[in-house]
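Worksheet: the structure to be examined is printed underneath.
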Amino acid sequence: MNQLLLPLAVRAQRAGHAFGHHLRRTWNERADETGIDEAVTKMIWLAVGIGVAVAATAFFVGVFETAQANVPDPVAPTP
């Protein structure tokens with residue numbers, strides 16, 4: 001390897017090693033759930049999901065009512 005590519009290869013290898021080390025450490029910290037009560041977190045996410053569902057329902061009902069109001073009343077043909 002020439003003098004130009006060697007430092008680049010070393011930096012790439014060190015960055016890859018550091019990223020792998022950070023990823024493993026983060027995974028292990030996430031797997032350790034001592035002292036963490038996840039019930040509160042789950043309830044917060046449930047509340048957020050319900051809020052999003054209510055907002056989406058209100059939006060779609062509004063769009064449906066607007067579309068329904070734009071449809072003309074049927075008129076019987078004259079004989």
Side-chain angles (χ1 to χ4, degrees):
M1 212 175 246
N2 63 16
Q3 295 296 327
L4 180 66
L5 294 178
L6 183 60
L8 183 63
V10 170
R11 287 186 186 135
Q13 187 175 13
R14 289 183 68 199
H17 177 70
F19 178 73
H21 177 69
H22 178 69
L23 189 65
R24 279 190 301 276
R25 187 181 68 204
T26 304
W27 183 264
N28 290 335
E29 287 175 0
R30 176 65 183 111
D32 182 26
E33 295 180 355
T34 57
I36 296 176
D37 185 17
E38 288 192 8
V40 176
T41 306
K42 288 179 183 177
M43 291 299 288
I44 291 171
W45 281 112
L46 181 62
V48 169
I50 291 171
V52 168
V54 168
T57 302
F59 173 75
F60 288 121
V61 167
V63 168
F64 178 75
E65 288 177 355
T66 302
Q68 190 177 13
N70 291 335
V71 174
D73 292 331
V75 178
T78 56

Below 3.5 Å, can you tabulate the donor-acceptor pairs from side chains in residues 65-75 to any protein atom, sequence neighbours excluded?
unit_1	atom_1	unit_2	atom_2	d
T66	OG1	G62	O	2.8
N70	ND2	T66	O	3.3

Distance-only donor-acceptor pairs under 3.5 Å for side chains of residues 7-18, two or more places apart:
none

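Shown here are the side-chain hydrogen bond (donor to acceptor under 3.5 Å, both in side chains) partners of H22, two or more places apart in sequence or in another chain: R25. In this structure, the side chain to side chain contact (heavy atoms under 4.5 Å, CB included) partners of V63, at least two apart in sequence or on a different chain, are F59.
Distance CG/N28 to CG/L23: 9.5 Å, rounded to 0.5 Å.
Both L46 and V54 are part of a single hydrophobic cluster, where members link through side-chain heavy atoms under 4.5 Å apart.
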